[in-house]
Amino acid sequence: MVQMEGIQIEGAAIILRMAKESDLEAYYLFLQDAEFTKLTGSNQEFTHQEIADWLQKISVPHPDRVDFMIISKETNELLGEVVLNEIDATNRSANIRIGIQGSSNRGKGHGTEAMILMLRHGFETLKLHRIHLGVYPFNPRAIHVYKKIGFQQEGIQRDTLYQDEKFHDMIEMSLLEDEFRALHGKN
């Protein structure tokens, strides 16, 4: 189900929806999650005001990005975010990224469901042809999920992240619309 007013996508266990001002505290905690920041290679710290300003910015549709909060249908709590950014309408491509908050929410299929819902939105609603991502080798759980969904490894960007006093490569992966449909069918 896709509603263009406020854009909301409902899955089996989660809902993807636009950000709300009331997400501020939960989103702030999400961005403080040490495991999330390590796995995504983030090292930036944000103030409450910066996060409030960001939530206001992403709470409305933009032509070059779609930011969704991942919400549990059972508890109505914020589980994370999934984002299509760098949307290139001419070449029908975009980058995708995802983050799930807290180790208690990881490994339950929320990320897989959120990725499939967002990929379906990207390929079917936005008419994208190619969606790509970058992932670090020290995040094998994410790599496993991306491969299970159908992403193919394209290459390696060498030494892109300096973390824990050493450099790390980034694995580039992508998924094409026909590959997605072959694995996940049409909604």
Side-chain angles (χ1 to χ4, degrees), residues 14 16 18-19 23-58 62 64-71 77-88 91 93-119 121-122 128 130-176 180:
I14 61 168
L16 303 184
M18 303 291 287
D23 291 327
L24 177 59
E25 288 307 314
Y27 195 63
Y28 179 79
L29 289 174
F30 167 63
L31 293 176
Q32 306 307 310
D33 181 341
E35 185 179 6
F36 163 74
T37 57
K38 179 179 173 61
L39 292 174
T40 59
S42 302
N43 58 9
Q44 188 172 355
E45 293 185 19
F46 300 96
T47 66
H48 269 86
Q49 188 58 52
E50 288 170 329
I51 293 170
D53 293 345
W54 179 248
L55 285 174
Q56 185 176 12
K57 179 181 177 179
I58 64 172
H62 291 272
D64 63 342
R65 65 183 302 124
V66 177
D67 293 74
F68 283 136
M69 299 291 118
I70 304 168
I71 307 298
E77 74 175 298
L78 185 134
L79 301 174
E81 69 177 346
V82 61
V83 178
L84 280 172
N85 58 8
E86 303 171 13
I87 296 174
D88 178 344
N91 293 304
S93 69
N95 178 74
I96 192 167
R97 66 179 172 80
I98 187 168
I100 300 293
Q101 176 185 12
S103 57
S104 64
N105 292 318
R106 295 186 187 109
K108 296 185 174 182
H110 301 309
T112 301
E113 184 177 8
M115 285 289 287
I116 291 171
L117 291 171
M118 183 61 107
L119 289 164
H121 180 71
L128 296 173
R130 177 181 182 276
I131 298 177
H132 60 95
L133 58 82
V135 61
Y136 298 106
F138 55 78
N139 193 351
R141 183 175 46 223
I143 295 167
H144 171 77
V145 169
Y146 300 149
K147 286 180 178 178
K148 180 174 71 172
I149 290 170
F151 279 86
Q152 302 293 314
Q153 182 173 326
E154 293 185 326
I156 304 257
Q157 288 186 20
R158 300 180 306 147
D159 289 353
T160 61
L161 174 69
Y162 187 74
Q163 181 173 280
D164 297 331
E165 300 185 20
K166 63 182 180 177
F167 285 99
H168 301 275
D169 296 341
M170 184 172 61
I171 301 167
E172 298 175 334
M173 302 179 85
S174 71
L175 181 63
L176 304 178
F180 178 79

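Being a predicted model, the structure only gives us computed values, none of them experimental.
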Should His132 and Glu172 be marked as a side-chain contact (heavy atoms from CB on, under 4.5 Å) after you check the CA-CA gap, both sets of side-chain angles, and the distance that decides it? CA-CA 7 Å; His132 60 95; Glu172 298 175 334; over 6 Å; no

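Of the options Ile58, Ile14, Leu79, a side chain to side chain contact (heavy atoms under 4.5 Å, CB included) to Met69 is made by Ile58 and by none of the others.
Leu31 places none of its side-chain heavy atoms less than 4.5 Å from the side chain of Glu50. In this structure, Val82 and Leu117 have side chains that are not in contact, with every pair of non-hydrogen atoms separated by 4.5 Å or more. When side chains are defined from C-beta on, Phe180 does not count as touching Leu128, because their heavy atoms never get closer than 4.5 Å. Contact annotation: the side chain of His62 never approaches that of Ile87 to less than 4.5 Å [non-hydrogen atoms, C-beta and beyond]. Counting heavy atoms from C-beta on, the side chains of Tyr27 and Trp54 come closer than 4.5 Å. At a threshold of 4.5 Å between non-hydrogen side-chain atoms, the residues Arg141 and Asn139 count as touching. By the 4.5 Å heavy-atom criterion applied to side chains, Leu161 and Phe138 are counted as neighbours. At a threshold of 4.5 Å between non-hydrogen side-chain atoms, the residues Leu119 and Phe151 count as touching.
Summarising the geometry of Arg97 relative to Asn85, their closest heavy-atom pair is NE-ND2, 3.8 Å, with the distance given to 0.1 Å. Heavy-atom minimum distance, Ala114 versus Ile98: CB-CD1, 3.9 Å. In this structure, Met118 and Phe68 approach most closely via the heavy-atom pair CE-CD1, 3.2 Å. Closest heavy-atom contact between Phe30 and Leu78: CB-CD2, 4.2 Å. Contact detail for Ile100 and Asp33: the closest heavy-atom pair is O-OD2, 4.2 Å. Closest approach of Ile131 and Gly122 over heavy atoms only: CD1-CA, 4.3 Å.
Note that the CD1 atom of Ile51 and the CG atom of Leu24 stand 6.5 Å from one another [nearest 0.5 Å]. In this structure, the separation between NZ on Lys147 and CG on Leu175 is 14.0 Å, given to the nearest 0.5 Å. Between the CG atom of Leu84 and the OG atom of Ser93 there is a distance of 10.5 Å, given to the nearest 0.5 Å. In this structure, CD in Gln56 is found 6.5 Å from CG in Asp53, a value given to the nearest 0.5 Å. Note that CG of Asn95 is 12.0 Å distant from CG of Asp88, once rounded to the nearest 0.5 Å. Summarising the geometry, atom CD1 belonging to Ile71 is positioned 11.0 Å from atom CD belonging to Glu81; distances are rounded to the nearest 0.5 Å.
The closest donor-acceptor contact from the side chain of Asp169 to the backbone of Asp159 lies under 3.5 Å.
Salt bridge annotation for Lys57-Asp67: absent, with no cationic side-chain nitrogen under 4.0 angstrom from a carboxylate oxygen.
Residue-environment remark: CD (Glu45) stays at or below the threshold of 12 foreign heavy atoms within 6.0 Å.
With sequence neighbours excluded, the residues satisfying side-chain contact (heavy atoms from CB on, under 4.5 Å) with Glu25 are His48.
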